[in-house]
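Everything quoted here is computed from the prediction, not taken from an experiment. Whatever order the structure lists ligands and atoms in, that order sets their numbers, starting from 1.
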Amino acid sequence: MPTKNTSIHGEWSSRLAFILAAAGSAVGLGNIWKFPYMAGENGGGAFVLIYLICIAVFGLPIMMAEVMLGRRGRQSPINTMKMLSQQENAHKAWGLLGWCGVLAGVLILSYYSVIAGWSLSYVLESTSGSLRYITETKAGELFSNLIASSLTLIFWHTLFMLMTMIVVARGVSNGLEMAVKYLMPALAALILVLIGYSISQGYFMLGVKFMFTPDFSKINQAVLLDAMGQAFFSLSLGMGAIMIYGSYLSQHASIAKTSFAVALADITVAILAGLAIFPIVFANQLEAAQGPGLIFNTLPLAFGQMPGGVIFGTLFFVLLVFAAWTSSISLIEPAVVWLVERCGLTRIKASVICGSVTWLVGLGTVFSFNIWKTYTVFDKTVFELLDFLTSNIMLPLGGLLIAVFVGWSMRESSVKDEIAMSSSMLYQAWRFLIRFVTPVGVLLIFFRVIEII
Ligand code: TRP
C-alpha cells in the first residue's frame, strides 16, 4: 500500500482557498468573452443547452477525477501521471498525458494573453472617457483599429504575460487567494449592473429567449463539438490545471462538494454574462454571430450610455483582466512546476522560460488579426486554429484519457480511498459516469455518431 504523498510546493490554507483558486482558474475570459460569442455563433439556446449537459455529464465527473489525481500524486501533472501509473501498475505511456497538458496550456495561454491584452486596452479606453456616448460605428472602429495594429497588440500581450509571470514566479497561493476572494464577487456584481442596464433598455426578454429557447434544428456536429470544447475550456479541464491545484488540496477536503461549487460558480458567471450581453446586441441591432469581437463591440455601447458609465466601464474591464489573470496562472503552472521538479530551477527562472516561450507563440495570434489575416489553414487563421485544436481536440481528448485512467487503469481501492465520498450511491453514479458515459460521450461527439442518430 503506497503511503500518501505530500507536495513539495506547499498546500492551500483551507478548502475555501482551493475553491477560490480553482474558481479563479475556471472563471475567466472563457465565461465572459468566449461563451457569449460561441453561443451567438451557434444559434443561442441549443448551444447553451448542450454546453450545460456537457458540464454535467463530462465536466463535473472529470473535474473530480482531476482533483483526485492531483491530490494523490502531489506533483506536476507529468510526474503525477508517471508516478501513479507506476503505483497502479499501468502502462508508462500514461506519463504522456501530462506532456500533452503542458503543451495545451502553453498553446492556450499564447492566445489567451492576446485577448486579455484587448481587455487591458479597454481599461484605458474606459478611463479616458472615450466610450462616452459612443455610437455603434465608432465602437466598431475602435475595436477594428485595435486589432489592426500589431504593435499595439504586442504591447498589451507583453504586459499581460509579464503580469502572469510575476504571479507565477511568486508562487501560486501568494496574492491569488485574496484576488479571487474579493475580485470575483465584484466582477459578478458588475455583471449584475450590466443586466440591470439591459433590463432598463427593454430588450431583456429578447436576450433570455435567445439563450434559453433551443432550436434543435440548429444542432449539428460543429455545434456539438464547440459546446463540448467550451465546457472543457470553461472549467479548465483536460490539461492538468485543476490537477495541479488539486495537488495542493488538503487530505480532508471533500472533492465532490468542492468540484460542484467550482462548476456552479463557473456556469453562473457564463450565463449572467450572456444575459448581460445579448439584450444589448439586440437593442442595437448588432450581429450576434460576429465572433471574438462580440463583447468589445457591444459592452462599450452600454457603458457609453448608462449613468456612471466611465466608472462602471473601467471597473468592469479591470475586473475582467483580473479574471483572466487568475486563469492564466493556472495555464502555465503545470509547465513551471515541472521545470522546477525536473531541472531544479527556481520558480523565477522557470516562469521566465515558460513565459517567454508562450509570449513568442502568442505573436502568431497577434499577427492573425492583421498581417497574417489572409493566411489560413483549413479555412482557419492561426488564432482560430489554435483555439480549435486546443479547446475542441486536446482538452476533450485529455479529459477522455483522464476518465479512462481513473475508471479503468487505477485500482478501485485507490480511487475510492482518495475520492472518499461519503455517499456510496453518489460514488457509484460518479464511477459509472467516468467509466462509461464520459468516454463514450466524448468519442461519439468526436466521431460524429450522434449526428447520424
Ligand atoms: N477556464 C478559463 C476561462 O474560462 C481558461 C483556463 C484556465 C483554462 N486554465 C485552463 C482552459 C486550463 C483550459 C484548461 O477563461
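- Comparing I244, L331, T390 against atom 10 (C) of ligand 1, the shortest heavy-atom distance belongs to L331.
- The single protein non-hydrogen atom nearest to atom 15 (O) of ligand 1 is Y112 OH, 2.5 Å, given as residue, atom name and distance.
- A ring pair (Phe, Tyr, Trp, His ring centres under 6.0 Å) with W118 holds for exactly one of W156, F160, F296, F317; it is F296.
- Between the choices S25, S328, G28, the shortest heavy-atom distance to atom 2 (C) of ligand 1 belongs to S25.
- In terms of polar-atom proximity, defined here as any N/O pair under 3.5 Å, L29 does make such a contact with ligand 1.
- Using modelled atom types and a 3.5 Å distance limit, the side chains of E88 and S414 yield a donor-acceptor pair.
- Considering backbone and side-chain atoms alike, A26 places an N or O below 3.5 Å from some N or O of ligand 1.
- At a cut-off of 3.5 Å, with distance as the only test, no side-chain donor of Y245 or S236 sits close to an acceptor on the other residue.
- Using modelled atom types and a 3.5 Å distance limit, the side chains of K34 and S391 yield a donor-acceptor pair.
- Residue-ligand proximity, L395 to ligand 1, at heavy-atom distances under 4.0 Å covers atoms 13 (C).
- Ring-plane geometry between F432 and F436 is classed as tilted, the angle between the planes lying from 30 to 60 degrees on a 0 to 90 degree scale.
- Near S330, meaning under 4.0 Å from any of its heavy atoms, are these atoms of ligand 1: 7 (C), 9 (N).
- Residue contacts with ligand 1: F233 is placed with a nitrogen or oxygen under 3.5 Å of a nitrogen or oxygen of the ligand (distance criterion only).
- Taking any N or O of G30, backbone or side chain, at least one lies under 3.5 Å from an N or O belonging to ligand 1.
- The ligand atoms of ligand 1 that sit less than 4.0 angstrom from a heavy atom of M239 are 12 (C), 14 (C).
- Ring geometry, Y111 versus F233: the interplanar angle falls under 30°, so the pair is classed parallel (tilted spans 30 to 60°).
- Numbered from 1 in the order shown, with element, the atoms of ligand 1 that lie under 4.0 Å from a heavy atom of S236 read 1 (N), 2 (C), 6 (C), 7 (C), 8 (C), 9 (N), 10 (C), 11 (C), 12 (C), 13 (C), 14 (C).
- In the model, T381 has no side-chain atom that pairs as donor or acceptor with a side-chain atom of W372 under 3.5 Å.
- Remark: ligand 1 atoms within the under-4.0 Å shell around heavy atoms of S234 are 1 (N), 4 (O).
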E66 and R71: salt bridge (charged side-chain N to carboxylate O under 4.0 Å, His left out), yes or no, with the steps?
CA-CA 9 Å; E66 255 199 55; R71 187 164 77 178; over 6 Å; no

